[in-house]
Amino acid sequence: MISSIRASLGVASRNSSLPMRARHFVLSASLVLGFVASAYAVLLWQNLLPDPWRPAQDCPPPPRPAASEMCAHAPEPKAKPDTKTPEASSVAPTKAERVPEQTVVPVHRYALCEMAHGQPVLSLLRLQKTEAQLVALHCGASVEIIALDSTDGASVTPRRIAHLRAQPPTPELHAGPGPVLAFDLSGDERIDLVVPFLWSDATFAPRGGALYEFVREPSLGLGAPLLLGSVAAGALASGRFDVAKGEDLALLHFEDARVERPSELIVVRGGPAPVKVSAAHAAIGGHDLCAVDLDLDGRDELIVLGKAPRAEIVYLGDDGQVRERKALEMGDAREVSATDVDGDGHADAVLVGDDVRVVIAAKDNPLAVQALGLGAGLTHVRGFDINTDGKLDFVAQSTESAVALVQTTQSHFERRLLVDFAGTSIVPIELAALHLGAEAHVALLVLTRSRAQPSHFELSLLPIVSGENALAWDPEPTALSDAPLSLTLTAP
């Protein structure tokens with residue numbers, strides 16, 4: 001081979017006239033050049049015939065684009081068409097792209113009443129744990145008392161148990177709605193119902209009213225009505241206002257705020273024969289009332305909301321008379337309720353205006369008003385442990401949606417959408433959350449009106465299910481069954 005290389009390169013033979021040292025140099029150079037040429041031939045052959053086991057990163061760079069593409073991209077397999085659902089995509093989504101399965105949640109609608117002016121008032125009635133949840137829906141001239149029966153702990157069937165009607169004393173007056181309370185006013189250790197009716201004239205100015213007590217029977221039935229007074233009780237609160245055993249009643253008797261007449265704060269001592277023990281002026285435009293023991297002395301104080309920015313705490317003496325008043329600077333406070341916010345076992349005051357604020361109950365209370373930073377635009381804010389984790393949450397209405405304000409850490413709340421009513425045939429008016437038979441099941445009770453017929457009001461029940469949910473609304477509301485008890489009350 002060496003001789004052939006030497007011959008091809010024209011290298012001189014041994015008999016050449018070149019000196020010996022020059023001949024050795026030429027021979028070495030010939031060997032090196034032959035080795036380089038052989039290696040170049042091998043590499044060229046491998047590039048022309050690609051090795052199938054070669055890794056993709058070994059693909060030669062341009063200017064050989066065809067060979068490079070062959071190594072870098074494997075051909076994509078063709079997906080088999082779905083013969084069962086021709087409309088479906090022919091390529092199955094990857095694991096990250098899969099759409100979560102939705103739970104279809106039925107939403108039942110129940111026809112309630114018609115009101116040409118105003119809107120009904122929804123009240124959840126506090127009862128013993130062994131009894132069904134009761135709901136009162138005050139439609140002005142009539143009140144529906146409804147039991148929410150839950151047999152399987154996950155669904156609710158409304159059952160009307162009482163239908164109460166009241167006639168104003170004169171034909172030119174109209175009947176208006178008010179809140180209904182359930183507590184032991186008679187002192188017999190059974191929960192009674194206190195039901196107000198409010199009269200108004202053609203200009204909707206208050207013109208008195210009637211307040212009735214219905215003593216409860218051992219069953220869910222109601223006894224004969226007892227007239228507590230001819231008052232326009234637009235706001236009610238139950239509490240312990242003296243050292244005597246049993247619960248008492250406080251109410252705001254509405255006057256016409258348009259002529260700067262203040263509401264009247266009335267205290268009624270409970271017992272077999274409830275009796276009015278005090279009456280005092282309240283704020284002008286007084287519209288909401290709450291009883292809560294803010295100083296932890298065993299007796300409840302009263303928080304009265306009036307025309308903004310008027311809000312005050314009223315302290316009562318042992319005789320039920322007003323002992324002291326303290327103002328709260330609350331801006332446009334619209335609602336007040338009692339809820340244990342800090343989890344110490346004592347109810348605190350929750351006030352709703354341009355934000356949700358609380359006054360924590362404590363001995364020697366400084367009455368510091370703390371903002372929770374939940375934002376404006378919330379109404380019907382109710383304390384409720386919606387995820388049953390032991391921490392207080394809130395359920396509220398925000399325009400046309402129901403939201404949960406979930407407490408993630410101490411005093412830090414996260415807003416979560418529960419139901420959006422935009423685009424549906426109904427508009428939410430008021431809502432409340434309640435536990436069904438089992439504590440893990442939660443439902444929303446929503447008072448709504450029809451968009452097509454604004455004077456028609458309904459009751460909707462929405463089970464709250466975690467995850468992605470699709471609401472399946474009943475196409476038409478169902479009529480509630482007739483009540484076994486129907487009473488018509490004639491005002492004095």
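All of these numbers come straight from a predicted model, not from anything done at the bench.
Ring-plane geometry between F214 and Y212 is classed as tilted, the angle between the planes lying from 30 to 60 degrees on a 0 to 90 degree scale.
Put simply, the side chain of S278 gets close to the backbone of G320: a donor and an acceptor are under 3.5 Å apart. Under a 3.5 Å cut-off, the side chain of H163 and the backbone N or O of T488 do not form any donor-acceptor pair. A side-chain donor-acceptor contact under 3.5 Å links R109 to the backbone of P475. Checked by atom type and distance alone, the side chain of Q133 pairs as donor or acceptor with a backbone atom of L125 at under 3.5 Å. Using modelled atom types, one side-chain atom of Q397 and one backbone atom of P428 make a donor-acceptor pair closer than 3.5 Å. Checking side-chain atoms of D474 against main-chain N and O of T478 turns up no donor-acceptor pair under 3.5 Å. Using a distance-only test at 3.5 Å, with no hydrogens or angles considered, a donor-acceptor pair links the side chain of E335 to the main chain of H380. Panel note: side chain T339, backbone V341; no donor-acceptor pair is recorded below 3.5 Å. When atom types are taken as modelled, the side chain of S123 and the backbone of V180 share a donor-acceptor pair closer than 3.5 angstrom. Side-chain atoms of R449 do not come within 3.5 Å of backbone N or O of F457 as any donor-acceptor pair.
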Applying side chain to side chain contact (heavy atoms under 4.5 Å, CB included), run through F197 and H138 and close with a yes or a no.
CA-CA 9 Å; F197 291 92; H138 202 314; 3.8 Å; yes
Please test L418 against V403 for side chain to side chain contact (heavy atoms under 4.5 Å, CB included), starting from the C-alpha separation and ending with a verdict.
CA-CA 5 Å; L418 294 177; V403 297; 5.7 Å; no
Run the numbers on L444 and L461 for side chain to side chain contact (heavy atoms under 4.5 Å, CB included), then give the verdict.
CA-CA 6 Å; L444 274 183; L461 288 166; over 6 Å; no
Step by step, work out the salt bridge (charged side-chain N to carboxylate O under 4.0 Å, His left out) result for R240 and D248.
CA-CA 6 Å; R240 299 181 183 276; D248 307 309; over 6 Å; no
R357 vs D355, test: salt bridge (charged side-chain N to carboxylate O under 4.0 Å, His left out). Steps then yes/no.
CA-CA 6 Å; R357 293 176 169 85; D355 195 358; 5.4 Å; no
Please test V143 against I145 for side chain to side chain contact (heavy atoms under 4.5 Å, CB included), starting from the C-alpha separation and ending with a verdict.
CA-CA 6 Å; V143 178; I145 307 297; 3.8 Å; yes
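If you look at F254 and H287, their ring centroids are not closer than 6.0 Å. Taking the six-membered ring wherever Trp is involved, the centroid distance between the rings of F394 and F384 does not fall below 6.0 Å.
Here the straight-line distance linking atom CG of D300 with atom CG of L316 works out to 9.5 Å at 0.5 Å rounding. Of the inter-residue distances, the one linking L137 atom CG with E430 atom CD reads 9.0 Å to the nearest 0.5 angstrom. How far CG of L252 is from CG of L236: 8.5 Å, rounded to the nearest 0.5 Å. Atom CD in E458 sits 14.0 Å away from atom NE2 in H108 (nearest 0.5 Å). Rounding to the nearest 0.5 Å places CG of D420 at 9.5 Å from OG of S398. One finds the CD atom of E264 at 8.5 Å from the CG atom of L251 (value rounded to the nearest 0.5 Å).
Between L112 and L447, the closest side-chain pair of non-hydrogen atoms falls below 4.5 Å. Residues P177 and M115 have side chains in contact (heavy-atom distance under 4.5 Å, counting atoms from C-beta outward). Using a 4.5 Å heavy-atom cutoff, the side chains of L462 and S460 are in contact. Using a 4.5 Å heavy-atom cutoff, the side chains of F421 and S401 are not in contact. Residues C113 and P120 have side chains in contact (heavy-atom distance under 4.5 Å, counting atoms from C-beta outward). Side-chain contact between L445 and L122 is present, with heavy atoms from C-beta onward closer than 4.5 Å. When side chains are defined from C-beta on, I313 does not count as touching L302, because their heavy atoms never get closer than 4.5 Å. Taking the side chain as every heavy atom from C-beta outward, V336 and V350 never approach each other to under 4.5 Å.
Closest approach of L480 to Y110, counting heavy atoms only: CD2-CD2, 3.8 Å. A pairwise comparison of heavy atoms in A483 and I161 identifies CB-C, 3.8 Å as the closest pair. The shortest non-hydrogen separation linking S481 to R160 is O-NE, 3.0 Å. Closest approach of I191 to D184, counting heavy atoms only: CD1-N, 4.2 Å. Listed here is the closest heavy atom pair of I386 and A404: CD1-CB, 3.9 Å. Listed here is the closest heavy atom pair of E213 and V215: OE2-CG2, 3.8 Å.
Salt bridge annotation for R207-D201: present, with a cationic side-chain nitrogen under 4.0 angstrom from a carboxylate oxygen. The residues K326 and E301 are annotated as not salt-bridged, no charged nitrogen and carboxylate oxygen being separated by less than 4.0 angstrom. A salt bridge links D242 to R269: one of the charged nitrogens lies within less than 4.0 Å of a carboxylate oxygen. A salt bridge links E400 to R451: at least one charged side-chain nitrogen sits closer than 4.0 Å to a carboxylate oxygen.
The side-chain hydrogen bond (donor to acceptor under 3.5 Å, both in side chains) test with K391 is passed by exactly one of D393, N387, D389: D389. With I303 as reference, L294 is the one residue of L289, V314, L294 to meet the side-chain contact (heavy atoms from CB on, under 4.5 Å) rule.
Counting only N and O atoms by type, the side chains of S186 and D192 include a donor and acceptor under 3.5 Å apart.
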